[in-house]
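One structure below.
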Amino acid sequence: MQKAQLLDATYTDNEERSIIQLYLYNKEKGEFWLKDNKFRPYLYASCNDDVENKIKYLKGYTFGSEDVFKVENVTLTKLKANDETILKVTFDKVSHLIQVRKELGDLGFGKYEHDIPFWKRYLIDTDLEPGNWVTYEAKKEQIIKIEKLDGEFSVPTVAFDIETWAGKKFGIGLEEITMSATVDGKRSRIVSHNTKKIRGLEIVDNEEQLIKIIEEELNKYPIIVTYNGDNFDLPYVKDRAKKAGIDFEINGRRIKSKRKGMDNAVELYGKQHIDAYQVMRFLQRTGSVNIVKLDLENVSEKVFGIKKEKVTPSEGNNAWKTGVGLARFVDYNKKDAEVTLQIVKDFLPLFIEISKLTSQTLQTSTRASTSMMVEDLLVKESFKRGVLVPNKPKENEVRVRINNPIKGAFVKEPLAGLHENISVLDFASLYPSIIISHNISPETVNCSHKECEQNKSPDGTIFCTKKKGLFPEILGKMLSQRLKLKAEYKKKKKEGTDDKILFAKQWALKIVLNSAYGYLGYGRARWYSRECASATTAWARQYIHQTNDQAKESGFDVLYTDTDSCFILMNDKKQKDVENFLDKVNGELPGSMELEFDGYYKRGIFVTKKEGGAAKKRYALMDEKENLKIVGFEYVRRDWCNLAKETQRKVIELVLKDGEPEKAATYVRGVIKDLKEGKVPKKELTIITMMKRKPEDYDSIGPHVAAAKKAIAKGVDIGVGSLLSFIITKRGNTISEKALLEEFVEEGNYDSNYYIKNQILPAVIKIIRELGYTEEDLIQGGKQAGLGTWS
DNA sequence: TAATTCGCTAGACCGA
DNA sequence: TCGGTCTAGCGAA
């Protein structure tokens with residue numbers, strides 16, 4: 001038996017058959033293919049009467065126009081769907097399956113699992129996992145035996161980045177590639193043409209030779225990493241090669257772009273292309289990182305703490321053309337590739353674990369949504385359980401689901417004002433633990449057992465208690481596995497080793513765990529269940545209400561509550577009392593649910609809304625070490641200018657730390673003075689907002705859309721999803737009229753009135769108002785003594 | 001091609 | 001010019 005790491009699964013057709021091909025890597029053999037000709041594509045057909053004859057009929061069924069084909073085999077299965085009989089229908093080729101699945105409906109059959117890709121079918125049925133090892137026995141390329149083998153995944157990886165001439169118009173392949181960098185952590189190669197020769201830069205005759213070097217370098221590695229290679233670098237090189245009339249092939253094939261909604265994905269054949277930008281986007285979506293703009297400069301600084309200088313397109317042009325500043329340009333190209341490689345070094349372990357969990361290739365899992373991850377996991381587990389995978393919903397069904405939202409969490413209106421001695425308690429993994437504890441799963445809904453009636457959700461659905469459901473089983477396993485890994489990680493860390501793989505494992509579980517509830521309420525889900533999603537939140541509301549009542553009974557005041565957390569005022573109570581309270585609550589909760597102590601805060605502020613009443617989801621806390629935790633306020637929002645955000649933070653700090661509203665007021669007056677005098681630099685005043693749709697699709701033209709339209713008229717390329725940085729300038733009547741993209745605004749050209757009235761004051765007044773101050777106190781002179789104190 | 005609901009706020013839009 | 005309503009974006013959980 002030999003060992004190798006699994007990278008890709010695909011198939012190829014010969015005359016008679018579709019044959020599975022696996023792409024593998026080990027140190028001895030490098031990269032190689034193995035074939036498995038024993039596995040056939042199949043789907044399930046369902047029927048409810050006359051089974052014998054129907055099997056016969058399908059066995060003899062012929063299809064195809066020029067050549068006539070037959071199904072390979074039909075067998076009876078033990079699977080069930082709504083009391084229908086399920087037949088397994090196998091084919092010689094994937095194309096046959098595709099042909100017959102179109103005709104099954106007309107022939108009077110239902111169909112299941114007809115849309116699971118052949119290669120994925122193979123991985124699920126053989127329990128092989130990309131991102132993991134296999135042991136195998138093979139003769140020539142033919143697999144005789146193959147099995148999963150758990151082991152640490154590690155293959156040679158190269159990062160690559162190109163620089164291009166920046167012309168007037170920006171688009172794929174429009175201008176020459178001027179430079180390219182490939183780095184693998186040990187070796188790097190920076191290549192250019194038609195420019196000055198300097199140290200560390202290899203010069204070739206022309207762009208064609210440059211492309212050939214890129215091709216040569218990339219083909220040496222099983223994993224290729226880019227930053228936005230899906231939409232830029234790879235399509236660009238492909239296009240330039242085509243224009244030059246030369247081949248550009250990875251693993252012997254021309255690269256292909258796949259449409260993925262608004263953008264593209266370049267998935268390679270065998271080798272894995274990881275687009276680190278997609279990785280960052282996923283981390284941003286799941287809240288694992290929070291970075292305003294996902295360019296490499298920001299990522300480098302926010303993730304790795306390394307400042308990275310940006311070379312603008314015109315600087316790049318100039319350096320390449322004249323040789324002046326060329327070293328800086330070369331360094332920039334190289335650093336881009338290095339940061340890209342670093343992203344993958346740090347975060348690929350997470351996706352390796354997700355790949356294993358879901359039996360997806362790395363290039364698929366790094367581009368997958370959380371719903372796809374949950375679904376792939378469920379498909380895999382269904383096979384293990386021997387149950388049928390539900391079909392995807394039809395579009396009209398999806399519409400009905402989306403138009404019927406499910407009631408969500410409970411948020412208690414907080415007590416506005418300043419508070420002291422706050423303890424925050426929260427439920428660990430609230431939704432997953434409810435799903436596990438109450439056995440919530442689509443197939444346990446409303447069983448007919450009398451005994452299960454006690455497991456009735458507050459919104460009236462009964463969940464079977466006799467047989468463990470698919471969701472509770474999977475989530476239960478993942479939850480306990482995660483706790484184990486987390487403990488192991490903590491233990492190792494205490495001993496001095498930061499085991500990144502252990503950390504990635506528990507993190508992958510967390511992401512999938514937390515997405516399971518959202519998946520149940522997601523209209524396009526195969527396992528959508530209104531009853532399950534609704535029961536989960538109904539129970540969540542009940543538990544948090546119960547906790548509030550118990551806290552009051554125990555002598556605490558409840559300051560605020562949101563979904564799974566409970567803020568209590570200690571009054572004269574001690575930490576010990578909180579622990580006793582937790583013990584009491586946890587004693588009454590079902591097994592896998594737990595209320596935990598989350599933190600203690602010396603002071604906190606909750607504010608009133610403009611229209612009155614206390615604002616939910618907005619507060620600031622300060623712990624015993626005087627660290628601030630600011631939630632929901634303008635300070636954490638990207639669509640407010642830096643100056644307003646920083647001023648707000650300073651005010652919160654002065655109020656919470658020192659309890660000195662007068663100092664805060666003085667500080668704000670200073671900021672207003674600077675604004676009035678035109679002294680504030682424009683980078684403090686830019687507001688960042690995303691263009692969520694095409695300009696013509698807006699009903700209401702807000703400032704960012706107005707600014708974008710003006711920029712588009714000047715030839716700037718702005719697509720859906722672009723982040724717009726704009727400034728409210730002096731010129732114009734409405735705010736939208738005054739809005740201009742930052743790049744077109746001169747220093748000093750800002751509407752100070754707007755920034756005072758619409759940015760600074762709204763950001764600080766809600767906080768300082770809790771201390772008795774008014775807007776006038778900030779705009780004009782000082783505050784009368786006596787009102788600004790609090791106890 | 002897309003996980004969920006709850007909540008706040010700004011600024012456009014619209015009619016008086 | 002005013003005030004109410006609607007559109008839009010972003011964050012909390």
Side-chain angles (χ1 to χ4, degrees), chain A residues 258-265 282 284-287 290 292 367-375 392 398 401-402 404-414 424 426-427 429-431 511-525 527-530 532-534 536-538 540-541 544 560-566 598 607-611 613-619 629-640 644 687-693 697-706 723-724 728 733-739 754 757-759 762-763 766:
Chain A
K258 250 199 228 170
R259 284 295 293 159
K260 273 209 164 176
M262 300 305 280
D263 45 29
N264 300 304
F282 179 83
Q284 184 91 320
R285 276 206 306 278
T286 55
N290 187 7
V292 175
R367 292 171 179 81
S369 63
T370 51
S371 72
M372 286 161 71
M373 292 174 183
V374 173
E375 194 151 288
K392 284 184 188 161
V398 172
R401 292 173 178 183
I402 290 172
N404 280 295
I406 289 148
K407 194 171 169 190
F410 166 69
V411 188
K412 180 193 177 298
E413 185 178 315
V424 178
D426 67 4
F427 283 95
S429 305
L430 178 65
Y431 289 173
I511 285 172
V512 180
L513 269 168
N514 286 345
S515 313
Y517 156 73
Y519 177 84
L520 281 167
Y522 169 50
R524 301 190 134 80
W527 276 272
Y528 173 88
S529 170
R530 208 191 144 70
C532 291
S534 172
T536 306
T537 54
R541 291 191 298 271
I544 201 73
Y560 176 57
T561 278
D562 186 349
T563 313
D564 59 354
S565 64
C566 183
D598 186 56
V607 301
T608 42
K609 285 187 289 185
K610 222 175 181 178
E611 309 84 41
K616 300 169 178 180
K617 297 187 186 285
R618 292 184 164 220
Y619 55 87
K629 183 177 177 184
I630 301 177
V631 178
F633 279 129
E634 286 75 7
Y635 174 69
V636 298
R637 296 178 65 97
R638 70 170 173 211
D639 55 352
W640 282 73
I687 298 163
I688 298 175
T689 314
M690 188 185 282
M691 274 288 276
K692 292 230 178 199
R693 40 181 102 160
D697 290 349
Y698 282 91
D699 288 333
S700 172
I701 308 298
H704 71 295
V705 184
L723 280 183
L724 304 171
I728 304 305
N733 294 314
T734 65
I735 295 167
S736 282
E737 278 175 32
K738 293 178 183 180
Y754 168 86
K757 265 190 64 192
N758 298 34
Q759 291 275 324
K766 53 193 96 196

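Throughout, a chain's letter reflects where its sequence line sits, starting with A, and its residues are numbered from 1. Keep in mind it's a predicted model, so treat the numbers as computed, not measured. Atoms considered below: every heavy atom in the structure, side chains included; atoms not considered: hydrogens, waters and symmetry mates.
- Spacing between atom OH of A:Tyr519 and atom P of B:dA3 amounts to 11 Å, rounded to whole angstrom units.
- Candidate nucleotides B:dG7, C:dG9, B:dT4 were compared by shortest atom distance to the side chain of A:Val411, and B:dG7 ranks first.
- At the heavy-atom level, A:Trp640 lies under 4.0 Å from the strands shown only through sugar-phosphate atoms.
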Salt bridge (charged side-chain N to carboxylate O under 4.0 Å, His left out) between A:Asp562 and A:Lys617, intermediate numbers included: CA-CA 8 Å; A:Asp562 186 349; A:Lys617 297 187 186 285; 2.8 Å; yes

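- Atom OH in A:Tyr754 sits about 9 Å away from atom P in B:dA10, given to the nearest Å.
- If you take CD of A:Glu634 and P of B:dT9, they are 7 Å apart, rounded to a whole angstrom.
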Does the pair A:Glu634 and A:Lys766 meet the rule for a side-chain contact (heavy atoms from CB on, under 4.5 Å), with working shown? CA-CA 11 Å; A:Glu634 286 75 7; A:Lys766 53 193 96 196; 2.9 Å; yes

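- In this structure, the nucleotide among B:dA2, B:dG11, B:dC8 sitting nearest to the side chain of A:Ile735 is B:dG11.
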Might you work through the side-chain contact (heavy atoms from CB on, under 4.5 Å) test for A:Thr563 and A:Ile544, ending with a clear yes or no? CA-CA 7 Å; A:Thr563 313; A:Ile544 201 73; over 6 Å; no

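- Phosphate proximity of C:dA8 to A:Arg693: present, with a side-chain N or O under 4.0 Å from OP1 or OP2.
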Give the C-alpha distance, both sets of side-chain angles, the deciding distance and a yes or no for side-chain hydrogen bond (donor to acceptor under 3.5 Å, both in side chains) between A:Thr734 and A:Ser736. CA-CA 5 Å; A:Thr734 65; A:Ser736 282; 5.0 Å; no

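- Among the protein residues, A:Ile406 comes within range of the sugar-phosphate backbone only, with heavy atoms under 4.0 Å from sugar or phosphate atoms but none that close to a base.
- Between A:His704 and the phosphate of C:dA8, there is no side-chain N or O to OP1/OP2 separation shorter than 4.0 Å.
- A distance of 12.0 Å separates CD1 of A:Ile687 from CZ of A:Arg637, quoted to the nearest 0.5 Å.
- If you check every strand for non-hydrogen atoms under 4.0 Å, A:Ser371 touches sugar and phosphate atoms only.
- Close to B:dA3, at under 4.0 Å from its OP1 or OP2, lies no side-chain N or O of A:Asn514.
- The SG atom of A:Cys566 lies 8.5 Å from the CZ atom of A:Phe427; values are rounded to the nearest 0.5 Å.
- B:dG11 atom P lies 16 Å from atom OH of A:Tyr698, rounded to whole Å.
- Both A:Ile701 and A:Lys766 lie close to DNA chain B; mapped to their nearest nucleotides by heavy-atom distance, the more 5′-ward contact belongs to A:Lys766.
- More than 12 heavy atoms of other residues, nucleotides or ligands shown are found within 6.0 angstrom of OH on A:Tyr528.
- Atoms CG (A:Leu430) and P (B:dT5) sit 17 Å apart, rounded to a whole Å.
- Rounding to the nearest 0.5 Å places OH of A:Tyr754 at 4.5 Å from CD1 of A:Ile728.
- A:Arg401 comes within 4.0 angstrom of no nucleic acid atom, judged by non-hydrogen atoms across all strands.
- A:Tyr519 places a side-chain N or O within 3.5 Å of a backbone atom of A:Trp527 that can act as its donor or acceptor partner.
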Show your working on side-chain contact (heavy atoms from CB on, under 4.5 Å) between A:Tyr522 and A:Val374 and close with a plain yes or no. CA-CA 11 Å; A:Tyr522 169 50; A:Val374 173; over 6 Å; no

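- Contact annotation: A:Ser369 does not reach the phosphate of B:dT1 (side-chain N/O to OP1 or OP2, under 4.0 Å).
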For nucleotides 10-13 of chain C, which of its nitrogen or oxygen atoms have a protein nitrogen or oxygen under 3.5 Å away, and what is each distance?
residue: C:dC10; atom: OP1; partner: A:Arg638; partner atom: NE; Å: 3.0
residue: C:dC10; atom: OP1; partner: A:Arg638; partner atom: NH2; Å: 2.7
residue: C:dC10; atom: OP1; partner: A:Met690; partner atom: N; Å: 3.0
residue: C:dC10; atom: OP2; partner: A:Arg638; partner atom: NH2; Å: 3.3
residue: C:dC10; atom: O4'; partner: A:Arg637; partner atom: NH2; Å: 3.1
residue: C:dC10; atom: O2; partner: A:Arg637; partner atom: NH1; Å: 3.2
residue: C:dG11; atom: OP1; partner: A:Val636; partner atom: O; Å: 3.3
residue: C:dG11; atom: OP1; partner: A:Arg638; partner atom: N; Å: 3.1
residue: C:dA12; atom: OP1; partner: A:Gly632; partner atom: N; Å: 3.1
residue: C:dA12; atom: N3; partner: A:Lys617; partner atom: NZ; Å: 3.3
residue: C:dA13; atom: OP1; partner: A:Tyr619; partner atom: OH; Å: 2.8
residue: C:dA13; atom: O3'; partner: A:Asp564; partner atom: OD1; Å: 2.2
residue: C:dA13; atom: O3'; partner: A:Asp564; partner atom: OD2; Å: 3.3

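- Atom C1' of nucleotide B:dT4 and atom CZ of A:Arg524 are separated by 15 Å, given to the nearest angstrom.
- When the C1' atoms of four end pairs are superposed on the next four at each end of the helix from B:dT4-C:dA13 to B:dA16-C:dT1, using five pairs per end, the two resulting axes differ in direction by 10°, to 10°.
- Using a 4.0 Å heavy-atom criterion, one finds that A:Gly518 contacts the bases of the nucleic acid, with or without backbone contacts as well.
- Residues A:Val636 and A:Asn290 fail the side-chain proximity criterion, which asks for heavy atoms closer than 4.5 Å.
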Show me the protein contacts with nucleotides 14-16 of chain B, counting only N or O atoms at under 3.5 Å.
none

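- Contact check, A:Ser700 against C:dT7: no side-chain N or O comes under 4.0 Å of OP1 or OP2.
- In this structure, A:Ile402 atom CD1 and B:dT5 atom C1' are separated by 14 Å, rounded to whole Å.
- When heavy atoms are screened at a 4.0 angstrom cut-off, A:Asp426 is found touching no nucleic acid atom at all.
- By the 30° and 60° cut-offs, the orientation of the rings of A:Tyr698 relative to A:His704 is perpendicular.
- To the nearest angstrom, C1' of C:dA8 lies 12 Å from CE of A:Met691.
- Side-chain atoms of A:Thr537 come within 3.5 Å of backbone N or O of A:Lys407 as a donor-acceptor pair.
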